[in-house]
Amino acid sequence: MPCSTSVKVKDPTTHLEIVATPEKVFVIRNRGKEIKIGLFTSPKTGLKFRALLPPTYPCQE
DNA sequence: CTAATTCG
DNA sequence: CGAATTAG
């Protein structure tokens, strides 16, 4: 449980908009650009997918 | 293309 | 090992 902030993302599998917490959050900084990626799981298929989180996702602690 | 990470 | 994810 790295974060407990709910994020509203769209499931590419169901095309449904869900509000959930990312199971894992990685910050990818490439060439000085940092983007946050959240790993979610589709509640229907159980398929895991990644989505872009806001640059300042409330998950410092 | 490159970065980080996880799942299949 | 490859896919996927975003940005420039």
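Below, chains carry the letters A, B, ... as their sequence lines are ordered, and counting in each starts from 1. Treat the numbers as computed from the prediction; the structure is a model and nothing was measured.
Hydrophobic clustering keeps A:F40 apart from A:I28 (ILVMFWY residues linked when any side-chain heavy atoms are closer than 4.5 Å, directly or through intermediates). A single hydrophobic cluster is not seen to contain both A:F49 and A:F26; linkage of ILVMFWY side chains at heavy-atom distances under 4.5 Å, directly or through other members, places them apart.
Distance alone, capped at 3.5 Å, places no donor-acceptor pair between the A:T21 side chain and the A:C3 backbone. Judged purely by atom type and a 3.5 angstrom limit, A:T5 uses its side chain to pair as donor or acceptor with the backbone of A:P58.
Between the NZ atom of A:K44 and the OG1 atom of A:T13 there is a distance of 10.0 Å, given to the nearest 0.5 Å. Here the NZ atom belonging to A:K24 is positioned 15.5 Å from the CD1 atom belonging to A:I37, to the nearest 0.5 angstrom.
Closest heavy-atom contact between A:I18 and A:T41: CD1-O, 4.5 Å.
Of all nucleotides in DNA chain C, those with any atom nearer than 4.0 Å to a heavy atom of chain A start and finish, going 5' to 3', at C:dA4 to C:dG8.
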Taking only nitrogen or oxygen atoms into account, show me every contact under 3.5 Å that the protein makes with nucleotides 2-8 of chain B, one pair per line with its distance.
{"from": "B:dT2", "atom 1": "O2", "to": "A:N30", "atom 2": "OD1", "distance (Å)": "3.1"}
{"from": "B:dT2", "atom 1": "O2", "to": "A:N30", "atom 2": "ND2", "distance (Å)": "3.0"}
{"from": "B:dA3", "atom 1": "O4'", "to": "A:N30", "atom 2": "ND2", "distance (Å)": "3.2"}
{"from": "B:dT6", "atom 1": "O2", "to": "A:R50", "atom 2": "NH2", "distance (Å)": "2.8"}
{"from": "B:dC7", "atom 1": "OP1", "to": "A:K48", "atom 2": "NZ", "distance (Å)": "3.4"}

